[in-house]
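Ligands are counted one by one from 1 in listed order, and the atoms in each one are counted from 1 as well. Nothing here was measured: the structure is a model prediction, and the numbers come from that model.
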Amino acid sequence: MNFHEYQAKQLFADYGIAVPAGRVARTPEEAVDAAKAIGGDFWVVKAQIHAGGRGKAGGVKLAKTLDSVREYAQGMLGQKMATYQTAGVELPIDSVLVTQATDIAKELYLSVLVDRSTQSITFIASSEGGMDIEQVAAETPEKIQTLNVNYIQGLQAYQCRDLGFALGLTAKQVNQLTKIMLGLFKLFNEKDLALVELNPLAILTDGNLAVLDGKVDSDDNAAFRHPDLVAMRDIRQEDETEVKASQHDLNYVTMDGNIGCMVNGAGLAMATMDVIQLEGGSPANFLDVGGGATRERVTEAFKLILSSDDVKAIFVNIFGGIVRCDMIAEGIIAAVKEVDVKVPVVVRLEGTNVDAGKELLKNSGLAITPADDINDGARKAVAAAKAA
Ligand code: ADP
Ligand code: MG
């Protein structure tokens, strides 16, 4: 689950990390009130969407008067914004963060994530912040510092100091960095986060470090023990179909192809997408209906797939190990009857009660194309999508 910048900064503050004064606003008037409450002469008005790259897209504006705070807030609120990180999707701007403007001398990069290859929580830092960190990593890898934290020992202050000096910081800045890193490490562990990114972590002209941007992503598998985080969820920033899927405990990811996939088991779902690609097609989604799928969930899954106009054919690929093929067949029949299906449906069933499942489909009177195996099914689905 992703968080807004203002929420990330609230989490940082809760863990003793200093953040510039700021307030979230949902109307231009609230933005002006926020600026007045913050005080000072300059403010930054920042669009709150679940993506970075806002600066380049016009979502970060420096305001020198209260009038321009109002104007910038007015210009952003109620609009939609796409950045180079949103893959073409436009996200609604429902709120802006009004924050103190600071004089930046240099922008650094600092992130915390789980590094699977070393099985450790890892800090990544660079003296080249503010820009695309992927580009820095590709072109000047020597400018990226990595710190793997030992699981037993935890993060040690001396490691933070080493990192700070490697970034070329002064002793005072190193102390500030250490406090930030220890706070982030505690936050990361206690809230079961997946990613924290400060880009930029700025060195101000007065020499102090300042957290100017914050991106936080939490581990959905741990959501049940963090009701405070769940309360911060903003589903308007999420893919509509994926939100619906999560309400039915379906593991669904929207893709950009035109063949809808309904599969049980994440591994089989991945393999199905691969085979569709191999046959020259392109999947419209990843969907794992799960081992314990009920008839109702299969119906919901079918409706989800069909909710996209891009879907030109559907490939149902079920291996009935735990789930029964006859129950899947009932779900397909119920869904096809309930929703007006105009696209061809290719079904491959294998496993428990497969004969009963095939029999149900055959007698349903619906135009369903049976497939012998995964390759045959993918081929038929690709052909059907191309013919459409
Ligand atoms: P994004 O990563 O979405 O583009 P940022 O919060 O990183 O958004 O802002 C983009 C740039 O705007 C930063 O790299 C920084 O140069 C500038 N900026 C952001 N917040 C402030 C601030 N409070 N004061 C001064 N400049 C800022
Ligand atoms: Mg940023």
Is there a donor-acceptor pair under 3.5 Å between the side chain of [X] and the backbone N or O of [Y]?
{"X": "Q237", "Y": "H50", "value": "yes"}
{"X": "S95", "Y": "Q48", "value": "no"}
{"X": "Q7", "Y": "H4", "value": "yes"}

Please check if any side-chain donor atom of [X] sits under 3.5 Å from a side-chain acceptor atom of [Y], or the reverse.
{"X": "Q176", "Y": "N208", "value": "yes"}
{"X": "D67", "Y": "T65", "value": "no"}
{"X": "Q119", "Y": "D115", "value": "no"}
{"X": "T122", "Y": "N148", "value": "yes"}

Where ligand 1 meets [X] - atom numbers and elements under 4.0 angstrom, heavy-atom basis:
{"X": "A101", "value": "24 (N)"}
{"X": "G53", "value": "1 (P), 2 (O), 3 (O), 4 (O)"}
{"X": "G52", "value": "3 (O)"}

Practice problem: Count the heavy atoms belonging to other residues, nucleotides or ligands that lie under 6.0 Å from CD1 of I322, then report whether that count exceeds 12. | Solution: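 Count not over threshold, so no.
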
Specify the protein heavy atom at minimum distance from [atom]: its residue, its atom name, and the distance to 0.1 Å.
{"atom": "atom 6 (O) of ligand 1", "answer": "K46 NZ, 2.6 Å"}
{"atom": "atom 16 (O) of ligand 1", "answer": "E107 OE2, 2.4 Å"}
{"atom": "atom 22 (C) of ligand 1", "answer": "V44 CG2, 3.5 Å"}
{"atom": "atom 26 (N) of ligand 1", "answer": "I104 CD1, 3.4 Å"}

Self-check item: atom 11 (C) of ligand 1 protein-contacted, heavy-atom criterion under 4.0 angstrom
Solution: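 Flag for atom 11 (C) of ligand 1 set to false, no protein heavy atom closer than 4.0 Å.
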
Self-check item: Cation-aromatic face contact K56/Y84, 6.0 Å, 45 degrees
Solution: yes

Is the contact between [X] and ligand 1 made by the side chain, the backbone, both, or neither, using heavy atoms and a 4.0 Å cut-off?
{"X": "T102", "result": "both"}
{"X": "Q100", "result": "backbone"}
{"X": "N199", "result": "backbone"}

Self-check item: Identity of the nearest option to atom 9 (O) of ligand 1, non-hydrogen atoms only, from L62, D213, T83, V60
Solution: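 The nearest heavy atom belongs to V60.
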
Quiz item: Which one of P200, G55, G129, G214 has a non-hydrogen atom at the shortest distance from atom 13 (C) of ligand 1?
Solution: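 Checking each option, the heavy atom nearest atom 13 (C) of ligand 1 is found in P200.
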
Quiz item: Where the Mg ion (ligand 2) is the corner point, what angle links OD2 of D213 with O of N199, to 10°?
Solution: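 OD2 of D213 and O of N199 make an angle of 100° at the Mg ion (ligand 2), to the nearest 10°.
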
Quiz item: Is any N or O atom of R54, backbone or side chain, closer than 3.5 Å to an N or O atom of ligand 1?
Solution: yes

Self-check item: P20 to ligand 1, any heavy atom closer than 4.0 Å
Solution: no

Quiz item: K191 and D219: salt bridge (charged side-chain N to carboxylate O under 4.0 Å, His left out), yes or no, with the steps?
Solution: CA-CA 9 Å; K191 298 290 183 192; D219 184 346; over 6 Å; no

